[in-house]
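Below: one structure, written as structure tokens.
Chain naming here is simple, since letters A, B, ... match the order of the sequence lines and numbering starts at 1 in each.
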2 protein chains.
Amino acid sequence: MLSRKTKYGLKALTYLAGQEKNVPIQISTIASDENISQKFLESILLQLKKAGYLGSKKGKGGGYYLLKTAEEVKIDNVYRILEGPISMVPCVSLNFYEKCDDCPDEKTCSVHRLMIQVRDNTLKIFEHTSIADLINKS
Amino acid sequence: MLSRKTKYGLKALTYLAGQEKNVPIQISTIASDENISQKFLESILLQLKKAGYLGSKKGKGGGYYLLKTAEEVKIDNVYRILEGPISMVPCVSLNFYEKCDDCPDEKTCSVHRLMIQVRDNTLKIFEHTSIADLINKS
DNA sequence: ATTATATCCTATAGATTTAGTAGAGTATGC
DNA sequence: GCATACTCTACTAAATCTATAGGATATAAT
């Protein structure tokens with residue numbers, strides 16, 4: 001299941017991508033427009049800022065704005081920042097690899113290969129989708 | 001992330017699929033061979049039995065055995081029984097649909113379409129993979 | 001300068017889920 | 001009738017998720 005954190009993050013990025021570039025939007029505006037808890041959104045946007053995707057401005061007329069074009073913000077990166085590994089088991093993760101402590105050997109693990117397949121398919125979608133693709137065109 | 005429950009369940013089913021048919025295997029045997037907590041595995045196998053995938057026999061020489069052929073046990077079904085919805089958000093689930101309480105309208109949700117894509121791709125893999133495919137051939 | 005505004009940062013708390021444990025009950029085989 | 005092995009209920013510890021609280025810091029306007 002996708003966490004609310006990631007979902008909110010994607011929604012906020014999409015929201016910002018739909019605005020004029022480099023014009024700061026306040027957290028409170030995004031939060032109320034997208035039905036997101038403001039304080040929760042604060043921490044999410046801050047995290048996206050630290051990851052280099054958002055810029056911010058303090059004080060009146062301040063807020064957050066996209067530092068990249070909507071096309072540059074790929075879903076796989078956002079997902080890794082907010083949600084963590086895309087893989088369903090740590091032992092097939094490309095960016096967050098860890099040995100599964102219940103498996104003596106990955107080569108003999110029946111689940112391993114299956115999860116590589118799932119990872120590759122999900123990754124393909126996430127890598128080829130950007131925030132620009134999430135903007136509603138209706 | 002895949003829960004240990006589902007992972008253990010898949011491993012146990014694969015284990016049973018590798019045995020002679022209709023010969024009961026004890027929980028303790030599977031648990032020690034697959035490095036799984038016995039008590040935890042107990043509840044998992046019971047759940048798979050109630051779902052119609054396993055038969056059991058009590059007393060000496062008892063244990064669990066597959067009621068279906070390995071080819072008949074598809075991953076998508078096992079996943080739904082042990083893990084729940086395959087979808088990453090409830091609003092795109094085919095078998096466990098629920099409205100997302102933060103979304104006023106699914107049609108305007110930027111995440112909705114993306115998650116349908118992920119669901120369809122994962123589903124395709126799970127539907128076309130059976131326990132038979134998970135058996136190690138080395 | 002002072003005040004209002006809005007982000008930045010740390011800490012905490014309640015709810016839920018996960019993973020596992022304990023122990024008694026029930027059916028079966030010898 | 002005894003040992004064996006599944007069945008069932010209840011409970012617990014730890015982790016994670018979803019926030020909330022409140023002060024610190026930077027900026028803009030007056």
Side-chain angles (χ1 to χ4, degrees), chain A residues 1-12 16 23-32 34-67 79 81-85 88-90 96 98 100-102, chain B residues 1-12 16 23-32 34-51 53-67 81-85 88-90 96 98 100-102:
Chain A
M1 276 285 172
L2 193 74
S3 68
R4 276 166 187 267
K5 188 178 175 183
T6 305
K7 192 183 182 189
Y8 292 165
L10 289 171
K11 281 187 170 189
L16 289 174
V23 175
I25 310 289
Q26 295 162 31
I27 298 172
S28 59
T29 306
I30 306 175
S32 73
E34 295 288 345
N35 287 305
I36 303 173
S37 147
Q38 180 172 338
K39 274 294 191 178
F40 195 20
L41 185 57
E42 261 187 51
S43 65
I44 296 168
L45 295 183
L46 199 54
Q47 209 172 334
L48 289 170
K49 184 200 171 179
K50 286 178 178 170
Y53 286 85
L54 296 178
S56 67
K57 232 184 119 188
K58 289 183 180 180
K60 185 157 191 178
Y64 281 99
Y65 49 92
L66 266 186
L67 283 180
Y79 192 96
I81 292 163
L82 297 178
E83 190 83 17
M88 298 185 90
V89 283
F96 300 84
E98 268 184 71
C100 296
D101 50 2
D102 63 306
Chain B
M1 276 286 172
L2 193 72
S3 69
R4 278 167 186 264
K5 187 178 174 184
T6 304
K7 191 183 183 190
Y8 291 165
L10 289 171
K11 281 188 170 188
L16 289 173
V23 176
I25 309 288
Q26 296 162 31
I27 298 173
S28 59
T29 305
I30 306 174
S32 73
E34 295 288 346
N35 287 306
I36 303 173
S37 146
Q38 181 171 338
K39 274 293 194 179
F40 194 21
L41 185 57
E42 265 185 46
S43 65
I44 297 168
L45 295 183
L46 198 55
Q47 210 173 335
L48 289 171
K49 184 199 168 179
K50 286 176 178 171
Y53 285 86
L54 296 179
S56 67
K57 233 183 117 185
K58 288 183 179 178
K60 186 158 191 178
Y64 280 99
Y65 50 92
L66 266 186
L67 282 180
I81 292 164
L82 296 177
E83 191 83 18
M88 297 183 89
V89 283
F96 300 84
E98 269 183 72
C100 296
D101 50 0
D102 63 305

- Message: Using side chain to side chain contact (heavy atoms under 4.5 Å, CB included), reason through A:Glu34 and A:Leu41 one step at a time and then give a plain yes or no.
- Response: CA-CA 10 Å; A:Glu34 295 288 345; A:Leu41 185 57; over 6 Å; no
- Message: For a quick check of understanding: with a heavy-atom distance under 4.0 Å over all strands, which category does A:Ile27 fall into, base, sugar-phosphate or nothing?
- Response: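 If one applies the 4.0 Å heavy-atom cut-off, A:Ile27 turns out to touch the sugar-phosphate alone, with no base involved.
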- Message: What contact category does A:Lys50 fall into here, base, sugar-phosphate, or nothing, at under 4.0 angstrom with non-hydrogen atoms?
- Response: sugar-phosphate
Rounded to whole angstrom units, what separation is found between the [atom1] atom of [X] and the [atom2] atom of [N]?
| X | N | atom1 | atom2 | result |
| --- | --- | --- | --- | --- |
| B:Gln26 | C:dT28 | CD | P | 16 Å |
| B:Asn35 | C:dG20 | CG | P | 11 Å |
| B:Leu48 | D:dC6 | CG | C1' | 15 Å |
| B:Phe40 | D:dT12 | CZ | C1' | 14 Å |
| A:Tyr65 | D:dT27 | OH | P | 11 Å |
| B:Glu34 | C:dG20 | CD | P | 14 Å |
| A:Leu41 | C:dA6 | CG | C1' | 13 Å |
| B:Met1 | C:dT17 | CE | P | 19 Å |

- Rounded to the nearest 0.5 Å, how far apart are CG of A:Leu48 and OG of A:Ser43? 9.5 Å
- Message: If I take atom CG from residue B:Leu46 and atom CG from residue B:Leu54, how far apart are they, to the nearest 0.5 angstrom?
- Response: 9.5 Å
Distance check: side-chain N/O of [X] vs OP1/OP2 of [N], anything under 4.0 Å?
| X | N | result |
| --- | --- | --- |
| B:Tyr8 | C:dA19 | no |
| A:Arg4 | D:dC17 | no |
| B:Ser37 | C:dT21 | yes |

- Query: For DNA chain D, whose closest nucleotide is more 5', that of A:Lys57 or that of A:Thr6?
  - Reply: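 Upstream on the strand: A:Thr6.
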- Of A:Lys58 and A:Lys5, the one whose nearest nucleotide on DNA chain D sits closer to the 5' end is A:Lys5
- Note on the structure: With the side chain defined as heavy atoms from C-beta on, B:Lys39 is closest, among D:dA5, D:dA28, C:dG23, to C:dG23
- Closest listed nucleotide, where the reference is the side chain of B:Glu42 and the choices are D:dA21, D:dT18, D:dC8: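 The answer is D:dC8.
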- Item | Test item: A:Cys100 and A:Pro90 side chains (from C-beta on) under 4.5 Å apart, heavy atoms | yes
- Using heavy atoms to find the nearest nucleotide of DNA chain C for B:Gly59 and A:Gly59 separately, return the residue whose nucleotide is more 5′. A:Gly59
- Query: Got a sec, which residues hit salt bridge (Lys or Arg N to Asp or Glu O under 4.0 Å) with B:Lys39, two or more places apart in sequence or on another chain?
  - Reply: B:Glu42
